Structures are given as C-alpha cells and as structure tokens.
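Chain A is the first sequence line, chain B the second, and so forth, proteins listed ahead of strands; every chain is numbered from 1. What you see is a predicted model; the values in this text were computed from it and never measured.
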Amino acid sequence: MTRRIVSLVGAAALTVSVAVYAQNVVKIGQIEAQTGTLATYGWMGHQGALLAVDEINRAGGFRVGSKTYKLELISPDTRANPQEALIQLKQLLEQQKVRYVFGPFLTNVFNGIEPYATQNNGKFLMLGGATAIHAMLGKPNHDYLIRTWNWDAGASGFGQLLVDYLKKQGAQKTAMLFQNDAFGKVAVDIYSPIFKQAGIDLKIELFEPGTKDFSAPLAKLSAGQTDFLFPGYTDAVLYDIVRQATEGGLFKRFFLVRGSMAPGQKNQDLIDDYIAYLPKYFEEAEKKEPKVKAFITAYKAFYKQDFPYDQAPLCSSSCYDHVYMLVDAMKRAGTVDDVAKVKKQLLSMTYNGLWNIRFDSTGEAVFDFDVLHMRKGRAISVTRINPK
Amino acid sequence: MWQLIVGQLLNGAIVGTLYGIVALGVTLTFGITGIVNFALGVFMMLGAYAAWYFADTVGLPYPLAVLTAVVVTSFAGLVADQALFRFTRNNLVNGLLVSIGMIAVMESSALLIWTSTPKEMHHVLPGVFAFFGLVVPKMKLVVFGLLLAVIFATYAALTKTWSGRAAYAYAQNAEAAALMGVPTSRLQTGVVAYSTGLAGLAGALYASLYSLEPTLGSLFILKAVEAAILAGIGSVAGALLGGIILGVTEGVGSIYLPLAFRDAYGLVFLVVILLFKPSGLFAGRR
Amino acid sequence: MKQGIWIAVVATALCVLPLVFNSDVALTILVFSYLQGMLAVSFNLIFGFTGQLSMFHAAAFGIAAYATHLFMQHLGVAYWSATVLAAALVAAVSVVVGAICFRFRLREFYFAVVTLAFSEMARLTVLNWNSLTNGSLGINLQEKPPLWLPGTGIVKLESTLAWYYLSLVALGATLLVCGRMVHSWMGRCFAAIRMNDELGDTLGINVFRYKLTAFVVGNMMAAVAGSLYAYFLGSLEPGFLSIDQSLGIVAMVLLGGRSVVAAPVVGAFVLTTLPHLIHFSAEIRSIVYGAILIFTILVMPQGIYGGLWQIMRRRHAA
C-alpha cells in the first residue's frame, strides 16, 4: 500500500517565508496523528479526505464565481505530539497560507495549538473532532472552530438515546471499563449522570492505555451480577476485552458507544446481546445506500486495498463528506477566502452525503447514526436515528 | 474473594511466562554481548505479525505458522546482529541508542505494511477449563506449557551441551573462554539470533491470545527488562521466576488497588528489591 | 582566548538571527530547539559528565511545568515566583530520589531503571490525580508570563520574538552554569566519578554528595526549561513526563555529543528541526529518524559535535 506523498518542496523551515500563491488552488491542511497508538482517527480522516480531493480534482475542480479551483491536501503527521502540531500549524497558516484545517482529533494536540489558533482567529477555519473543542465552541475569539464529531450529551446527543434503549433491554447494573485517558475521563463524566437518571447502577473501572490482559478488571467487575459490560472506545481494546469477557463467560451482554461491530462478531457465539452505537454500519449501508456503495468502490479503486469496514465509521468526522461540504459552502458563499462567509454557509446548510450532516448553532456536528443490536443467533437489527 | 485472588495468581503466572521468555532473551543477550537489547520488543512484534500472516493469510496450521515465525525472527535477528549490534558489544549506551533507532524503523515499517488497525488472529483453541469456580482459557494453558518447556529446554541446553556451557564460560570470563577455544563472535551472534527467536516465539504465541498492533512490543520489553533485573541479569531460571513474580504482582495488585496504576506495581516492587538486593533476587544461582 | 571569540561570534549571530529570518515558523522551531537544548545540556551534566544515566529528567521537566501552573492557581503567586518555587520543588524531589538511589549505591544500569520507576510513578500520579491536574485531558494555559524590559516596563510575553530572546538567554544561562561547574574543582570530581566511582571514593571524594549535586542541579535546570516550555506551548499534558520524552533527551545528547558542555545543543537542534525538513509520509519519516540514530552511533559515536571537532583537528594537524 502506498501512501500518496503529499508535500511541498521542503525548503527548510528556516527560509524566509516567501508567499507562493499557486493560482487557483485551495489548500486544505490536515493536522492528525498518522502514526502511534491513536493513529486510527487520523488515518481514516486522511484516507477519506484524500479520496474526496482526488475525486473533485479529477472531475475538473470546482467553480466559484468566475474561476475554477482545484484542491490540495497537506497532511503532516503530528505523532500525537503538541509541539510538532504547533509547528505544523504555523507552517500551514504562515508558509502555505492555508485557510481550512481538518483536525485535530486528539485533545492534547488541540490544547497545544489552541493559543496560536485563537491568535489567528478570523484567518482560517478549523474543523476538528477533538473532545476539548466542545468546551471552546462559542467562546469569544473562537469563531474559527467547528467540531465535526457529535456529542454524546446534550439536546441532540446520542448518549441519552442509547441509554434509554439499554433500559428497555432490562439493564439494572452495568459495568464501565474505559481507558484512563482524555476521552475516557469525559465519557465517565458524561455517562455517569445519564445512567443515574435512568436508574441503572454503574460500576466504573479505568485501565491504563496499552493494557492487553483484562482478566483482573473483568473478574472484579463481573462479581456482583452485573448484566451489561460497557467497554472502552477503541477497537484495539475492544477485541481483547470482548474476547476475554466472553471466553470466561463473565459477560454475555455488551453496550458500546464507540468502536466497530467486528469484536462482537468475532465472538458472536458467546454473546447474547451486543448493542453498539455506530456512525454507520457500512456492511449494511453498502447494500442499501448508493452513495455508500459508490464510496466503497471508489476507495478500493483508489487505494487498491480492501475497504476497512471497521474503521470506516470514523470517517464521520473531518473526512470525505466534509471536503465536499466545504466546497459546497465555498460555492454558496461565492468566495474561497472569506472564511467568515464560508462558515456562515456551513452552519446553515444540511449536507447529504455518506451522512446527513448539519452543524448546530455553536458549530458542533449533528449527523444520523445507527444503533446496532446483535442478538444471540447473529441477527443484527439496525435502527437508523436522525437527531432533530 | 479467594477465587478472585487464585484466579489472578494463575493468570499472573501465565502472563508472567510471556514476560519471562522475553526476559530470558534479555538476560542471555546481556550476559554474552553486554547490552540490554530493547529491540527484542519489536522482534516479538515481528513474530506476532508473522504468525498471524502465516496462519490467517497463507493458511498454514497454527503450529507450523509459529515455527515459521520463529525462523523468520531468528533470521532477522541474525541480520540485525551482523549489520548493527556487532558494533555495540559491551557498550550499554550505544546498544540503547541503536535499539531505539531499530525500534523506530521496525515499528514504522510495520505501520506502513499493516496499518494501525488492530489485527486479530482466528481463535486457535477456543474454550475454557472451568474448575472450582475458576475459569482459564484453554489456549492460555497451552501457551503456558509451551513456554515453560522452551525455557527449561534452554536451561538444559545451557548446562548440558557444549555450546551451552561455552556460553556460560564466556559470560563468566570472556578472555579465559576465548583462550579455551570458544568461538567468541560466533557465540555472540548465535545468542542474539537465539534471543530474537525466543522473542519471536513469544510474539507468535501472543498472537493466539491478544489482538495485534505495531506497538505491542514496547510495553512488553519494558516488563521483560524489569523481570530480568528483578531476578538478576544472568540468571536463566531467574528470568522465568522474575517474569512470573511480575505478572502475579500486577494481577493481584490490580484487585485491591486502582487498576490505572497497574504498571506501577511491578515498578515499585522492582525498586524495593533493587534497593536491598541490587544484584537481583536470584543472582549467583544458575 | 580562542574559545571566547567563538562564543561571542555564535552568540551575536543568534541574537541577530531574527532580524534576518523573519519567519514565525522558523523562530518557533528555534524556541523549541533552545528549550530542548536546555534539557539536553542539563541532562548531560548528570549523564555525560558524571556518568549517571538518569531517566528522571522528563519527570523533572513535567513536574515543574505542572507545579508552576498550580502554584499560580492555588497560591496566587506571579509567574516567575511560581517558576522558582517549582524549581525548588523539583530540587526537593530530586534530593529524595537521588538520596535513595545513591545511598544504595546503584550501579549505572540499575540507576537508570530506578529513576525510570520514579519517573513513571510521577507520571501516573499526574495522570490520575484528576482534581489537581485534570488528568489526561491536560490543562490549557491562558496566562502569559510577564517580562520587565528596560524602557517599556512590564510586557506580557506573547510574541514569538520575545520568546526567542527569552529562551536564548535561558539556554545561555544554562550553558554558563554547567560550564562553570564542569570547569571547576567540582567538575573534576564529576569526571573522576564518571570514570570510576569506587576509585574516587578511595581518593577521598565524597561520591554521594557530588552525584547528588549533579543530579539535583541538572534536574533544577530541567525544571526551569519545563516551566518555560509549558507556557510557550500553552498547555500541559501528562505526556511531558513520559518515557518517550526521556528517551528523546538521551537521543539528543548522544547525537550531539557528550564531551563538551554545549555539544548537546547540536543534537537538540537537529532532532527538533529534522521532522519539519523531511516532508515524507509519517512512517517514512520515523524510519529516517531511526536510521539517523543508528548511523550516528555506529559511525560517529562521539556525536556530531565530537565528530566535527575531530575532523577540524585532523585538518589542523595536517
């Protein structure tokens, strides 16, 4: 598999910044971790965005006003290091004159670049999925921020809906086993009150990221008639947690707010219920939605690889659709430079691509999602929910 | 409650043998080449991915896949030794830097080839043994038995065969051994290849139990080095015991104390031991 | 003195640099290089000169970063006072850790492991003490340190240019302190300890005291670097105390050279700038990085600085 080498002629960062205005090219910068343990988000974001950029360019670009523009994606790797990300963002904004930045997904990266980004408020737009962005939306001098991942809590949040569904399954005592990291902490903060309100007892255990053997926490949690296990949020841990939990017969019912179906399916013979929130269940959607099918076909043709069904749901954030949305917004606003106008358009439109996406008034994404329920016997029921 | 503890003792012992076999590789390498080879972690990763590849993609039966993985890793170790480690004999610091470099290169290569998407091998031996309320996955027991067998075989080879005893002699007094006709450089290369083979075996067996990512070696090697130090670098049986002690400490510690600190328990135990018996628990013994 | 002329030339060049290279990106990279340079030089005091491979350096860096913020937040002190307090805190912690390690006479490798253990404990504490440190979410730092400038009075450090000069001065101060220590009688004790500490003991050198001094002073300088770094970046995260950070410091020193006080700065500079000069895909960049490390150690074990010195000496001799 070859990654497209997207780079500029790398004159050292020490050269005097010369403004090189490539005519009629709109550059999109992408600040994500492409390597390291948390690289899945950045990886999928990059795969999707690059595909979209290529498609648009091969179709001849897009017209805004009297000019035709092409896109260019510049994707440095932050390696999840805020220092790297800060330098990269500065390079993007000052040397490449980028106005649209996708990412970051990682909170620690966002925290590192936020002061500089805020200093440059008004000069660019940042469409990222980081948890920490949520708290910054709508704050003064933060107009550059748009959050592309939906939020579990709140009026349009899906967490409440999922827990309601769980309650209907008769859950009384649930065990939460999450990573002890940024999102894990937020997840505990969000879900504790929701579970309490629903009257479901919640036992919480946090584990160090990188753990592979969960026999201790699983044994601890399963003592005491816990009916559901609510495990951590990345496939990397889900494969192991679900396998170890079902192997020993410790848990038969699972509830997930992140991750793919694959861990459940691998152990399906031992599972009674596997309820998962998935931005989209691609295996099913491929059969029913023509746009999804087209996307999968295009992906395979472009990358000459199998389609990553289990990572694809991550393309709901700062990915394929969002490139098209951006182009649409630029067309409607009649400008590629005036970011305020472009943002205004983004916040007032609903885009129907792989997902139906719109942004609420603060700039946070709301999109349709699936609730998957795999019951004993492998039948999977998919409920598509469109938040208001 | 006691079930929880016994269960964790057992599990800790099994996980500990995985630490132990890599610790064995660490201790052998240190004794014969004078460096702590942190890169054994990436060789373990290589073994794991190789086993997965041969078992799932090529379709070999699992035992054959494991063997092939071990051969591949040993060969890679041989090449690495001739190209790189050969120049860092007895130089701890240089060995460390070369290891860091190798880790960066190999992890990134793995990432390039297999991406960070976790891979899970088909379940080779599903099912558990249940007795007295305890539950142990069958495959874990198989891995346990296999690793113990290999470790004891290594011990036997070191004490009974000519090359094994040559290695011991060399570790104790390099000059004298050379004078007695021990082919030093071949011995050193051999030990490096053997250690990487052990790491590869650990990885290949790991693949049957857990999901794979390119970074799986990093955490493991740290534990393995801890185990080797705990027991006393240079002690073969100690490597195994050190691994088991570490595994058990982590497991049992996690029951009573917050799980998030799991990695710390082994470290604290190690520090305490080192302060009072710096040569390790089993130093001096074989 | 020839060395003095060299220092003056380099110092002037660096001071004048921003006037030539006006790019914010370049200056940012340099600020990071200088701060990492402080870390590398202070680490080298412990490692290169006294011969102790400490894995606690990143912890000193991270603890001070968090402590500065926390002192400002909970005690209401101003930035510079907080930095001093943070350095004092790190010094205290270092005395405890160092005393434990050196009292028990841990040999080189075991010393590394024990300092690593302490470093991990510090990291896990920062990670899990949510009420104090916000755990894995990290903390966004809103304040900017104030600086008194002649003429303008108190100015908030916001521009990269101001940070450039501040970090340059800080690096200079670090080099000065280390240089004085190394070229003094204390430095000769360090060297003796590095070469053979048992022998030093029989010669009457209080090995324990000198090892501890090097350890504490080195960590204190790392503390100041940490405080500056956090406020330049604008955020705190538990990753500051990670093993990767410690290994990065070791790599900088090994790359730059161990024998001269200023040599590690070269390593810091190369490793900070390098990722931004190579515009390849992420993995290829990591591969190149690893290859460079391997190449340096096999071909130039004295580091870049040492290697260049050797080349220059050969030219002179010829």
Side-chain angles (χ1 to χ4, degrees), chain A residues 1-3 33-44 47 177-181 184 204-223 234-244 246-250 260 262-263 266-267 269-270 305 308-311, chain B residues 1 3-8 10-12 14-15 18 104 107-108 110-123 126-130 134-140 206 209-216 218-220 222 247 250-256 258-264:
Chain A
M1 65 165 264
T2 45
R3 287 272 188 100
Q34 314 266 4
T35 48
T37 30
L38 290 164
T40 28
Y41 304 99
W43 183 78
M44 195 64 223
Q47 300 286 87
L177 182 62
F178 255 70
Q179 285 93 323
N180 187 15
D181 62 9
I204 302 176
E205 275 283 334
L206 296 178
F207 60 88
E208 179 82 7
T211 306
K212 283 302 211 182
D213 197 291
F214 295 93
S215 111
L218 285 172
K220 242 168 125 175
L221 288 170
S222 66
T234 53
D235 271 358
V237 305
L238 285 173
Y239 276 109
D240 295 303
I241 295 180
V242 175
R243 175 185 185 167
Q244 289 167 29
T246 50
E247 233 171 14
L250 297 167
S260 77
K266 265 234 145 142
N267 299 284
D269 296 326
L270 298 164
Q305 258 192 315
Y309 287 96
D310 46 358
Q311 303 304 311
Chain B
M1 197 46 172
Q3 272 178 350
L4 204 54
I5 300 176
V6 175
Q8 284 318 299
L10 202 53
N11 192 63
I14 298 175
V15 173
L18 268 174
E107 270 187 6
S108 306
L111 207 53
L112 209 54
I113 304 174
W114 289 300
T115 80
S116 57
T117 312
K119 308 279 184 260
E120 211 194 23
M121 207 167 73
H122 71 276
H123 298 180
V128 296
F129 276 127
L134 295 172
V135 162
V136 182
K138 290 185 189 169
M139 195 63 208
K140 271 190 170 173
Y206 177 100
L209 296 172
Y210 307 105
S211 64
L212 307 180
E213 299 163 275
T215 51
L216 73 87
S218 319
L219 201 60
F220 236 82
L222 198 59
E250 285 184 347
V252 176
S254 302
I255 301 180
Y256 295 106
L259 180 64
F261 283 92
R262 186 198 55 148
D263 292 340

Under 4.5 Å from any heavy atom of chain B - which part of N267(A) = side chain

task = Given side chain to side chain contact (heavy atoms under 4.5 Å, CB included), test K220(A) with Q8(B) step by step and report yes or no.
result = CA-CA 10 Å; K220(A) 242 168 125 175; Q8(B) 284 318 299; over 6 Å; no

remark   = Highest number of heavy-atom pairs under 4.5 Å with chain A among G127(B), S211(B), P118(B), P126(B) belongs to S211(B)

task = Side-chain contact test, heavy atoms from C-beta onward, threshold under 4.5 Å: evaluate it for Y239(A) versus K119(B) and give yes or no.
result = no

note = Heavy-atom nearest pair, D240(A) first then L209(B), reads OD1-O, 4.3 Å

message = I need the residue from V135(B), L4(B), N11(B) with the largest number of non-hydrogen atom pairs under 4.5 Å to chain A.
response = N11(B)

ask   = Which answer fits T246(A), side chain, backbone, both or neither, if we ask what part of it has an atom under 4.5 Å from a heavy atom of chain B?
value = neither

query = Would you say the side chain of H123(B) lies within less than 4.5 Å of the side chain of E247(A), judging by non-hydrogen atoms?
reply = no

ask   = For the residue pair A216(A) and G251(B), what are the closest heavy atoms and their distance?
value = CB-O, 4.0 Å

message = I'd like to know which of K266(A), R243(A), Q179(A) tops the heavy-atom pair count under 4.5 Å against chain B.
response = R243(A)

Within-4.5 Å side-chain heavy-atom neighbours: L219(B) and E208(A) = no

